[in-house]
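Below you'll find the structure, written out as C-alpha cells, and then a few comments.
Sequence lines set the chain letters: A, B, ... in the order given, protein chains first and strands last, and positions in each chain run from 1.
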2 protein chains.
Amino acid sequence: MDVQAVEQVLRKQGCALTPQRRAVLRFLDGNLEHPSAGQVFDAVTAALPSTSRPVSSRATIYNTLALLEQIGAVRVLRGTDGEMRYDPNTTPHHHRCCDVCGRLEDVPAEAVTLLLDGRPAVGEVRFTGRCPACTTA
Amino acid sequence: MDVQAVEQVLRKQGCALTPQRRAVLRFLDGNLEHPSAGQVFDAVTAALPSTSRPVSSRATIYNTLALLEQIGAVRVLRGTDGEMRYDPNTTPHHHRCCDVCGRLEDVPAEAVTLLLDGRPAVGEVRFTGRCPACTTA
DNA sequence: CTATATGCAAAATTTTTGCATCGTT
DNA sequence: AACGATGCAAAAATTTTGCATATAG
C-alpha cells in the first residue's frame, strides 16, 4: 500500500481526504502487525490532535477500512479470535496464525511456491501453529 | 468422532448424559457441513421432543461444544464470517474456505502431503477460493 | 455552496457469565 | 439425595446502521 497512490485514487473517485482517513492511512502504511479495527481506532484516536475534540468514531473507522478494501488498498483477514484484521500489504503472500494468541504472521509467497513444487498457490494459504512467543511459553 | 466412544468418555469423567448432549452428539456425528453453534442449537431444538418444552438454550450448546472440544471429540474452526464452526472429523485433514459464502470444505491430508512433496503438513492448512456454488454465480 | 463524511447512539450478532432450578447418576 | 447441567436473562465484544451535523472540495 502506497499512501500517495491511495490518496490519488480517493481524489479521483471524488472521496474527501479527511484527517481521519489520512490518519488511518498513516497508521496502516508499512504496518506488519495485521491490526484489528479496534487497534486502528485507538491509533487514530491517539494520532489526531486531541484539541479538536471528537477525534473519531468506530463507525468512521469501519467506513474507512471498507472503503480501502473496495479500492484494493488493504486485504481483510480474520484471525482465529474472530476479529477482522487489516493488511496493507496487498502483494501476494500468505499467513501463519498462532493457535494460542491469534497473532498473524506473514509467509512469503515464494515459500509456499517452493512447497508446491514451483507452482504458485492460488488464493491465500493459511497455516496454523504457534508463534515464537507462544512456543517458548 | 464416534458417538459410542464419546459417551463412554463422558461417563468415565462423571459427566451426565443429558438429552441435550445426546442430541448434539447425534447431530454432529458424521456431519461434514462444519455447522456453527447457532446451527447446532437449531438442530437440537428441532430434534428434541417439543412436548417437554424448554428444549435447550444457547448457553447449553456452547457448554456442550466446549466440553466436546476439551475431550478431543470435535475440532473448533473459525470461518471467514467470524462464526465458530465445529468439525466432528478429528482425523488429520485441512480446509478450503469460500471467500464469498464462508463455507468450509474438507481437503484431505493426503492432498496437502502430495503438494508438500511427500511430507505431511503440521497443523491445519487453510486454503481460500470459491466453493462450487459461488464459482458458478 | 454542495456533496460527502463524521460522530453519536442504538441495533444486530455471536459468545460468555451468574444464578436458581431441574435432572442424572 | 447430591452434584452437576440446564435455562433464562443479562453482559461483553465486535460490527452495522440511521440520522443530524460538520467539513472537504
* Structure fact -> Residue pairs passing the salt bridge (Lys or Arg N to Asp or Glu O under 4.0 Å) test with at least one member in residues 90-107 of chain A, sequence neighbours excluded, are A/E33-A/R103, A/R96-A/E105
* To do: For DNA chain C, find the residues of residues 69-81 of chain A with a heavy-atom distance under 4.0 Å and give them by number; none if there aren't any.
  => none
* To do: Spell out, as yes or no, whether a donor-acceptor pair under 3.5 Å connects the side chain of B/R119 to the backbone of B/L116.
  => yes
* Using only side-chain N and O atoms of A/T18, determine if any of them is under 4.0 Å from OP1 or OP2 of D/dA24. => no
* Of B/R11 and B/A59, whose nearest nucleotide on DNA chain C comes first from the 5' end? -> B/A59
* To do: Output yes when a side-chain donor or acceptor of B/E83 lies under 3.5 Å from a complementary backbone atom of B/R78, and no otherwise.
  => no
* Closest nucleotide of DNA chain C for B/C15 versus for A/N63: which of these residues is on the 5' side? -> A/N63
* To do: Send over the distance from B/Q13 CD to D/dA5 P, rounded to a whole Å.
  => 10 Å
* Return the set of residues passing ring pair (Phe, Tyr, Trp, His ring centres under 6.0 Å) with A/H95 (not counting sequence neighbours), or none when no residue passes. => A/H34, A/H93
* Structure fact -> To the nearest 10 degrees, the angle between the two end axes of the helix from C/dC1-D/dG25 to C/dT25-D/dA1 (five pairs per end) comes to 30°
* May I ask you to decide if B/G38's main-chain N or O and B/R58's side chain share a donor-acceptor pair within less than 3.5 Å? => no
* Kindly work out whether a path of hydrophobic side-chain contacts (I/L/V/M/F/W/Y, heavy atoms less than 4.5 Å apart) joins A/L65 to A/L77. => no
* Is a side-chain N or O of B/T128 found less than 3.5 angstrom from the main chain of A/E124, in a donor-acceptor match? -> yes
* Structure fact -> chain B vs DNA chain C, heavy-atom contacts under 4.0 Å, first-to-last nucleotide span, 5' to 3', is C/dT14 to C/dT25
* **Non-neighbouring partners of A/E69 that pass side-chain hydrogen bond (donor to acceptor under 3.5 Å, both in side chains), sequence neighbours left out** => none
* Asked: Is any side-chain N or O of A/Q20 closer than 4.0 Å to OP1 or OP2 of D/dA24?
  -> no
* To do: May I have the distance from B/L67 (atom CG) to D/dG4 (atom C1'), rounded to whole angstrom?
  => 12 Å
* Tell me what A/R21 touches on the nucleic acid: a base, only sugar-phosphate, or nothing, going by heavy atoms under 4.0 Å. => sugar-phosphate
* To do: Figure out the CG/P separation between A/L10 and D/dT23, and round it to whole Å.
  => 20 Å
* Asked: Does one hydrophobic cluster hold both B/V112 and A/V112, with members joined at side-chain heavy-atom distances below 4.5 Å?
  -> yes
* Please state how far atom OH in B/Y62 lies from atom P in D/dA12, giving the value in whole angstrom units. => 18 Å
* To do: Send over the distance from B/L68 CG to D/dA5 P, rounded to a whole Å.
  => 12 Å
* Asked: Mind checking whether A/L25 and A/L68 have side chains closer than 4.5 Å, heavy atoms only?
  -> yes
* Asked: Is a side-chain donor or acceptor of B/S36 paired with a backbone partner of B/R85 at a separation under 3.5 angstrom?
  -> no
